[in-house]
Protein chains: 2
Amino acid sequence: MMNPKAISKQTLLRLPSYLSYLKSLPEHGCENVSATMIASALGLNDVQVRKDLACVSKKGRPKLGYVTEELISDIESFLGYDDLNDAIIIGAGRLGGALLSYEGFNEYGLNIVAAFDVDESKIGTEICGKKVLDISKIKELCKRMKIRIGIITVPGHSAQKVCDILVDSGIFAIWNFAPVHLKVPDNILVQQENMAASLAVLSAHLAESIKKNEI
Amino acid sequence: MMNPKAISKQTLLRLPSYLSYLKSLPEHGCENVSATMIASALGLNDVQVRKDLACVSKKGRPKLGYVTEELISDIESFLGYDDLNDAIIIGAGRLGGALLSYEGFNEYGLNIVAAFDVDESKIGTEICGKKVLDISKIKELCKRMKIRIGIITVPGHSAQKVCDILVDSGIFAIWNFAPVHLKVPDNILVQQENMAASLAVLSAHLAESIKKNEI
DNA sequence: TAGATTGTTAATCGATTAACAATC
DNA sequence: TAGATTGTTAATCGATTAACAATC
């Protein structure tokens, strides 16, 4: 599409679940798929699904729905899953290690090339074949390899410092697992992975359920 | 409060960031804090912050703002951070291990008591002092210890099966790290930790930046 | 054809923001 | 007092849903 209509953030967030649902369908017998099907499988409204799909794919056909294969590849290419973005990870602790060793990211177009840490005992080692480097080398590596994504998995108190280094190194987008609000220039995206917020939702629901059940 | 007004999900999601900001303030010299301060530190609208705080704490005072200490403890108690909820984790792989060994959850009122797996080589071992048990023992443990939170860190293809076991075991809330939509009865909450969605936002932003910069 | 499904236009809903009087 | 800040009411904004004609 030459002039894609601006896509809402909500829509963007739903696309990956459509994709994962579509991929879970059996190869045979599902050449076509309707918005109604997708919506009911994911607990969404069918009009919403149709509108979302209209942003990224061709028109569906009345009575038939969409061509499953086309839908999959359109969503994948819209999300940029078909070419890999290199990324680095800062903080080679438990969480950093878990992310480093998660093979699945390649499927989502993310390729983690190296990790950085300040801990001397970690520097020089490898985690799942990825080198752990001294944090002072971030800028040089980012420039040389044109890295544009940084993943922050350091403790909260040093996250802003790491963030500043990343910005200075020419990073465009930051995926932040530290539970702090990062200050960045306007053109840089921070995607906050907010586990504390998720937990808040869980525990509020729990408190409510308990109240209901025990009264 | 006897009759707390219903709190919006958005508000609930913002509360943890207020809390983390408030806790980051220096002990001395910040007896009071204004909604304006919080808003500008976190990049939010000040009226929004005021409305959010009104849901969980006492009134602020014109010109002075809120009492920092009171605000902290009101938010903490609203979020249930002051008493621990026991939880179990299903899937003792890399991610499960990372979560198991993250000490910080206690601060958020979450206490992971054990892990479960199907892998014989993992069963019977310990990760950070937490036992890894056979998945067939879930129900018995949940009933006996009145566990109400389950954390799913198994691969996508077995997530629904694990979910069904959890529901059958009397769990009220599920924190799901597997990238699939879980089907549960109405009264059970599924909090989806959606890394694929986060990545979608990142990569869409990146694609846009690149386009802008390279044209 | 009949009926399922599409895309679009209009109505609804909920959340955010603006305006403003009240207060310390 | 003057000015910063509060809480509330009204206006705006954006996203979701309902209604409906078009289509295979």
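Heavy atoms only: backbone and side chains are in, while hydrogens, waters and symmetry mates are out. Numbers restart at 1 for each chain; the letters A, B, ... are given by sequence-line order, proteins then strands.
Using a 4.0 Å heavy-atom cutoff across all strands shown, A:K51 reaches at least one base atom of the nucleic acid.
C:dT12 atom C1' lies 14 Å from atom CD of A:Q48, rounded to whole Å. For the pair A:K63 NZ and C:dA4 C1', the interatomic distance rounds to 5 Å; values are reported in whole Å. Here C:dA4 presents its P atom at 14 Å from CG of A:L64, a figure rounded to the nearest Å. Remark: C1' of D:dT23 and CZ of A:R61 are 11 Å apart, rounded to the nearest angstrom. If you take CG of B:L53 and P of D:dT6, they are 9 Å apart, rounded to a whole angstrom. Put simply, CE on A:M37 is 16 Å from P on C:dA4, counting in whole angstrom units. Atoms NZ (B:K58) and P (C:dC24) sit 17 Å apart, rounded to a whole Å. As rounded to whole Å, 8 Å separates atom P of D:dT17 from atom CG of A:L44.
Among D:dT8, C:dG7, D:dT5, the nucleotide with an atom closest to any side-chain atom of B:P62 is D:dT5. The A:V47 side chain lies nearest to D:dT17 when the options are C:dT6, D:dT8, D:dT17. Across C:dG7, C:dG3, C:dC24, the shortest atom-to-atom separation from the side chain of A:R50 is found for C:dG7. Side chain of B:T36, nearest nucleotide from C:dT6, D:dT5, C:dA19: D:dT5. Side-chain proximity of B:S34 to D:dT6, C:dA18, D:dA19: nearest is D:dT6. For B:Y66, the side-chain atoms get nearest to D:dG7 when compared with the rest of C:dA18, C:dT6, D:dG7.
In this structure, D:dT16 and C:dA11 make a Watson-Crick or G-U wobble pair, each of the two defining distances being under 3.5 angstrom. Across every strand in view, D:dC24 sits in a pair with C:dG3 that passes the Watson-Crick or G-U test at under 3.5 angstrom.
Under the 30°/60° scheme for interplanar angles, the aromatic rings of B:F105 and B:Y102 are found to stand perpendicular.
Donor-acceptor pairing under 3.5 Å is recorded for the side chains of B:Q160 and B:D164.
Residues from residues 8-32 of chain B placing a heavy atom under 4.0 Å of any atom in DNA chain D do not occur.
Looking only at side-chain heavy atoms (C-beta outward), B:L22 and B:V33 come within less than 4.5 Å of each other.
Positionally, the nearest nucleotide of DNA chain D for B:K59 lies more toward the 5' end than for the other of A:D52 and B:K59.
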Give the C-alpha distance, both sets of side-chain angles, the deciding distance and a yes or no for side-chain hydrogen bond (donor to acceptor under 3.5 Å, both in side chains) between B:T36 and B:D46.
-> CA-CA 5 Å; B:T36 324; B:D46 60 322; 4.6 Å; no
Just do the side-chain hydrogen bond (donor to acceptor under 3.5 Å, both in side chains) check on A:N32 and A:Y66 with the steps written out, would you?
-> CA-CA 5 Å; A:N32 291 285; A:Y66 305 82; over 6 Å; no
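Between the CG atom of B:L100 and the NZ atom of B:K130 there is a distance of 6.0 Å, given to the nearest 0.5 Å.
Crowding of B:R50 atom CZ: a count of heavy atoms from other residues, nucleotides or ligands under 6.0 Å exceeding 12.
For the pair A:R94 and B:E103, the salt-bridge criterion is not met [side-chain N within less than 4.0 Å of a carboxylate O].
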